[in-house]
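In listed order, ligands and their atoms are each counted from 1.
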Amino acid sequence: MCEICRQIPCHPRCPNAPEPEPKYECSECGEGIYEGDRYFDGPDGYICEDCMENKSVEDVLGLFGEVLTTA
Ligand SMILES: [Zn+2]
Ligand SMILES: [Zn+2]
């Protein structure tokens, strides 16, 4: 049994667990996007959920080539 997580096989978050193969790579932060992760399939590449959450409304609109209009 693993001494850290006490599971067989290791819990996925256990430091002893083998790294899963990322399915895609985030085009902004370079982090892997793994099976079960949510991501944005944008025109310039895949963007992980973390990066999307850090975006402002203007950033997100910019992904589609749109901007906010001033009234
Ligand atoms: Zn473990
Ligand atoms: Zn990212």
Rounding to 0.5 Å, atoms CE (Met52) and CG (Leu63) come to a distance of 5.5 Å

Donor-acceptor under 3.5 Å (Ser27 side chain, Tyr46 main chain):
yes

In Å and rounded to the nearest 0.5 Å, what is the CE to CZ distance from Met1 to Arg6?
7.0 Å

So what does the Cys2 SG - the Zn ion (ligand 1) - Cys10 SG angle come to, to 10°?
100°

Tell me whether Gln7 at atom CD has more than 12 heavy atoms from other residues, nucleotides or ligands lying less than 6.0 Å away.
yes

Rounded to 10°, the SG/Cys29 to the Zn ion (ligand 2) to SG/Cys51 angle comes out at 110°

Heavy atoms only: give me the nearest Cys26-Ile47 pair and the separation to one decimal.
SG-CA, 3.9 Å

Check whether any N, O or S atom of His11 sits under 2.8 Å from the Zn ion (ligand 1).
no

With rounding to 10 degrees, Cys48 SG, the Zn ion (ligand 2) and Cys26 SG define an angle of 110°

Using the Zn ion (ligand 1) as the apex, give the angle to atoms SG (Cys5) and SG (Cys14), rounded to 10 degrees.
110°

